[in-house]
Participant: 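I'd like to ask you about the structure that follows.
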There are 2 protein chains.
Amino acid sequence: MSGGELALRLFAAFRHLVDRVHVDLAEHGHPRVRPTHGFALQAVGPTGATAGELATRLGVTKQAAGKTVDALEALGYVERAGDPQDARRKIVALTATGSEVLGLSARFFDRAHAQWVATVGDEQAGAFEQVLRTITDEVTPRLDAASWLGDDGRRQDT
Amino acid sequence: MSGGELALRLFAAFRHLVDRVHVDLAEHGHPRVRPTHGFALQAVGPTGATAGELATRLGVTKQAAGKTVDALEALGYVERAGDPQDARRKIVALTATGSEVLGLSARFFDRAHAQWVATVGDEQAGAFEQVLRTITDEVTPRLDAASWLGDDGRRQDT
DNA sequence: CGTCGACAGACAACCTGGTTGACCGATCCT
DNA sequence: AGGATCGGTCAACCAGGTTGTCTGTCGACG
């Protein structure tokens, strides 16, 4: 396998998985969720987070994070609330539907995972994941997928 | 490994590989190339192609393909020439620097590939790639990575 | 031979997600 | 108290993609 093919297939596998999950999500009453949103919800997490924290977790500027929160809020998946401790901060937290999506998403990911484990065999799958783990262990997980493809990598945010 | 983690790691591996190649490319006199451009150059290939062919190969609209060609042309990697057989068609072809980039890119991908084969071991790597191949074999290779992340999937192009 | 439909490419307008830059109020620290 | 700093938002802009429209060229058929 050439290096280029390897890269392509890695991406195809990733995309296949994510697509599958989003089809399932759409069929269960959440047709508007986009992969970006999923990442963001994940980053918010059950404990909530501020826009700034989100920004660093997602590897984007705080403005971009703010916009994502706007979108999620419009979809009804998160809510913004003021922090009584510090009037500057606004903590965004999952709504009921928000955590429902998060839970469903996790379930569907696991289901897709289980399916391909079944097709390739238990042992192979284990070995595969082991290799994948060692490859990606030192890599910092950055989720700013969209911008990364097109942009120069310069990013500063004040 | 949870399904979500699997997806994340697949993406991280892909991204890691691509990033590495583009760092190498930048160090060898091609700092402006973006992943998108790489895909497009690949799609043009040594034989050249029309904008429409590019569009279907990349899985985007012909207008988008046209814009990409504009960018590549501005960078000096491709040239547009009229087709003497059919005055409607304009075939885009790689310039000398264009095919240089393509060649370098292939070499760097292979180098990165070889490096991780070395780190995980020959046998593991082989098994890994075998699994990856079976997973992604039925998947149609679509390279419209950027739009896929944010858009709804509705796409029609006349 | 002429005409009418299909095809290839380009232009314009718009959307999304991201970025930079500037700004405002709240907090902290001296 | 007062200046620096932090958290968040507004505004302008850019890249890449999409839809819709239009022009020029082929080709096939009457």
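The model shown is predicted, which means the values in this text are computed figures rather than measured ones. Here is the naming used below: chain letters follow the sequence lines, and residue numbers restart at 1 for every chain.
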Participant: Give the ring-plane orientation class for B:F108 versus B:H28, where under 30° counts as parallel, over 60° as perpendicular and anything between as tilted.
Facilitator: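 Ring orientation of B:F108 relative to B:H28: tilted.
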Participant: Do B:K90 and C:dG9 have a side chain to base donor-acceptor pair shorter than 3.5 Å?
Facilitator: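 Looking at the base of C:dG9, it does not pair with any donor or acceptor on the side chain of B:K90 (distance under 3.5 Å).
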Participant: So what does A:G66 touch, heavy atoms closer than 4.0 Å: a base, only the sugar-phosphate, or nothing?
Facilitator: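 Nothing, no nucleic acid heavy atom in range.
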Participant: Given atom CG of B:L75 and atom C1' of D:dA15, what is their separation to the nearest angstrom?
Facilitator: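 Between C1' of D:dA15 and CG of B:L75: 14 Å.
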Participant: What's the CG-P distance between A:D70 and D:dC10, to the nearest Å?
Facilitator: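 Taking atom P of D:dC10 as the reference, CG of A:D70 is at 8 Å.
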Participant: Rounded to whole angstrom units, what separation is found between the CG atom of A:D86 and the P atom of D:dT5?
Facilitator: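 Checked: the CG to P distance equals 17 Å.
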Participant: Could you verify whether a donor N or O on one side chain and an acceptor N or O on the other, from B:T50 and B:R89, lie under 3.5 Å apart?
Facilitator: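 Not at all, the side chains of B:T50 and B:R89 share no donor-acceptor pair under 3.5 Å.
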Participant: Is any side-chain N or O of A:R80 closer than 4.0 Å to OP1 or OP2 of D:dT9?
Facilitator: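 The answer is yes; a side-chain N or O of A:R80 sits under 4.0 Å from OP1 or OP2.
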Participant: Please determine which of A:V117, A:D110, A:L17 meets the side chain to side chain contact (heavy atoms under 4.5 Å, CB included) test together with B:L6.
Facilitator: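 The option that passes is A:L17.
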Participant: Atom CG of A:L54 to atom C1' of D:dG7: distance rounded to whole Å?
Facilitator: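 Distance, rounded to whole Å: 13 Å.
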Participant: Could you tell me how far apart A:R88 (CZ) and C:dT27 (P) are, to the nearest whole angstrom?
Facilitator: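 Result: 7 Å.
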Participant: Rounded to the nearest 0.5 Å, what separates atom OH in A:Y77 from atom CG in A:L102?
Facilitator: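 Going from OH on A:Y77 over to CG on A:L102, the span is 11.5 Å.
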Participant: Report yes or no: is there a donor-acceptor pair, N or O only, under 3.5 Å between the side chain of B:K67 and the base of D:dG17?
Facilitator: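 Indeed there is one.
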Participant: Can you work out whether A:A87 or A:A64 has the more 5'-proximal nearest nucleotide on DNA chain C?
Facilitator: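 Upstream on the strand: A:A64.
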Participant: Which whole-number value in Å describes the distance from A:R34 CZ to C:dC15 C1'?
Facilitator: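 So the CZ-C1' distance, A:R34 to C:dC15, works out to 14 Å.
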Participant: Please state how far atom NZ in A:K62 lies from atom C1' in D:dT5, giving the value in whole angstrom units.
Facilitator: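 Nearest whole value for this atom pair: 11 Å.
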Participant: Can B:E100 and B:H30 be counted as having a side-chain donor-acceptor contact under 3.5 angstrom?
Facilitator: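 B:H30 and B:E100 do have a side-chain donor-acceptor pair below 3.5 Å.
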Participant: Confirm from the modelled atom types if A:Q63 and C:dG21 form a donor-acceptor pair under 3.5 Å, side chain to base only.
Facilitator: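 Check passes, donor-acceptor contact within cut-off.
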Participant: Nearest heavy atom decides the nucleotide; on that basis, is A:A65 or B:E53 closer to the 5' end of DNA chain C?
Facilitator: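 Mapping each residue to its closest nucleotide by heavy atoms, the 5'-most match is B:E53.
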Participant: Mind calculating the distance between CZ (A:R89) and C1' (D:dT5) to the nearest angstrom?
Facilitator: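 Atom-to-atom, A:R89 to D:dT5, this comes out as 15 Å.
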Participant: So, OP1 or OP2 of C:dG18: does either fall under 4.0 Å of a side-chain N or O from A:T68?
Facilitator: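 Affirmative; the distance criterion is met.
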Participant: Is there a side-chain contact between B:T61 and the phosphate of D:dG17, meaning an N or O under 4.0 Å from OP1 or OP2?
Facilitator: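 No, outside the criterion.
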